[in-house]
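Taking it in order: structure first as structure tokens, then the write-up.
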Amino acid sequence: MTIYAAKDYLDLSRKAANIISAQITLKRNSVLGLATGSTPVETYRQLIEKYRQGDLDFSEIRTINLDEYKGLSGEHNQSYRYFMNDVLFSHINIDLKNTNIPDGLEEDSEKECSRYNQVIRSMGGIDLQLLGIGGNGHIGFNEPSSFFEKETHLVALAEHTRKSNARFFTSVDEVPTHAYTMGIKNIMDAGKVLLLASGEAKAITLYDSFFGFVTPEIPASILQLHPNCIVIADEPALAVIREKTGWEGAVYDN
Ligand code: F6R
């Protein structure tokens with residue numbers, strides 16, 4: 001993996017948007033794996049800006065999101081479908097038919113998971129997968145566990161995740177208990193992975209993920225084995241890596 005140091009959140013977002021823009025420019029019908037959460041919001045804003053300036057065309061782009069809360073409809077303002085429409089899709093010339101997010105209202109989890117795996121396969125796989133990282137090391141909603149889940153599955157959200165996402169709801173009790181998420185194999189099959197980490201709350205898990213053992217207890221650690229993984233982290237998120245490894249540069253290649 002290669003770690004790029006960003007001086008702050010804006011710098012991180014500009015770097016990420018530049019990499020995604022290059023992907024779109026080089027392959028106009030790219031399949032982009034997308035993430036929600038706070039971290040990619042400014043990256044999406046930068047992409048919208050590039051689109052408005054006439055530098056990007058999303059008309060042939062296809063997207064597949066990592067996850068969705070089970071039990072929330074796409075109209076619910078905390079659903080990930082709502083989020084993606086709100087922060088990105090409604091501002092660019094993407095065809096909504098080419099955007100994919102698990103159906104939170106599908107009760108039959110086996111049916112929904114196999115439908116979603118089929119969607120990924122029918123797209124020919126993911127060219128670039130954008131990821132955030134949970135404070136507990138989760139990617140998508142692959143929570144710490146004793147094994148790596150391969151493909152899309154229904155997951156019981158960890159207490160850590162529900163508490164951390166409670167900031168978007170009126171109380172923690174309103175945060176859904178379950179979600180559909182792509183599995184680790186879906187993510188590892190992507191041609192490129194771009195993981196973003198911002199803020200000191202991510203510093204310990206970022207160090208553990210990329211400098212510790214590969215273990216399902218820290219799901220992001222599997223990315224050490226991905227042949228084309230880029231991490232962009234701002235200085236607060238890099239604090240523990242800097243302290244423990246003594247690395248002072250702007251680019252770390254491993
Ligand atoms: C979002 C997702 C999660 C988030 C992670 C970090 O689709 O799959 O893994 O990327 O929880 O969230 P933020 O960016 O809010 O810190």
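Note that ligands are numbered from 1 as they come in the structure, with each ligand's atoms numbered from 1 the same way. Bear in mind that the values here come from a model prediction, so they are computed numbers and not experimental data.
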Next item on the list: Compile the protein residues with any heavy atom at a distance under 4.0 Å from an atom of ligand 1; present them by chain, then by number.
Entry: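 Heavy-atom contacts below 4.0 Å: Ala35, Thr36, Gly37, Ser38, Thr39, Leu66, Asp67, Gly132, Ile133, Gly134, His138, Gly140, Arg167, Lys202.
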Notebook entry, point to check: Just checking, is any N or O donor in the side chain of Gln23 or Ser30 under 3.5 Å from an acceptor N or O on the other one?
Noted result: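 Ser30 and Gln23 do have a side-chain donor-acceptor pair below 3.5 Å.
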Notebook entry, point to check: Are Lys50 and Asn18 linked by a side-chain donor-acceptor pair shorter than 3.5 Å?
Noted result: yes
Next item on the list: Identify, with sequence neighbours excluded, every residue that meets side-chain hydrogen bond (donor to acceptor under 3.5 Å, both in side chains) alongside Asp173.
Entry: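 For Asp173, no residue satisfies side-chain hydrogen bond (donor to acceptor under 3.5 Å, both in side chains) once neighbours in sequence are set aside.
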Notebook entry, point to check: Among all residues two or more places apart in sequence or in another chain, which pass the ring pair (Phe, Tyr, Trp, His ring centres under 6.0 Å) test with Tyr252?
Noted result: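 Tyr252: ring pair (Phe, Tyr, Trp, His ring centres under 6.0 Å) contacts with Phe211, Trp247.
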Would you give me the side-chain donor-acceptor pairs under 3.5 Å for residues 127-140, sequence neighbours excluded?
| residue | atom | partner | partner atom | Å |
| --- | --- | --- | --- | --- |
| Asp127 | OD1 | Lys27 | NZ | 3.0 |
| Asp127 | OD2 | Lys27 | NZ | 3.0 |
| Asp127 | OD2 | Val31 | N | 2.7 |
| Gln129 | NE2 | Gly33 | O | 3.4 |
| Asn136 | OD1 | His138 | N | 3.0 |
| Asn136 | OD1 | His138 | ND1 | 3.4 |
| Asn136 | ND2 | Glu143 | OE1 | 3.1 |
| His138 | ND1 | Glu143 | OE1 | 2.9 |
| His138 | ND1 | Thr161 | OG1 | 3.2 |

Next item on the list: Determine the sole option in Thr99, Asp103, Asn65 for which the side chain to side chain donor-acceptor pair (under 3.5 Å) test with Arg81 is passed.
Entry: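 By the side chain to side chain donor-acceptor pair (under 3.5 Å) criterion, Arg81 pairs with just one of Thr99, Asp103, Asn65: Thr99.
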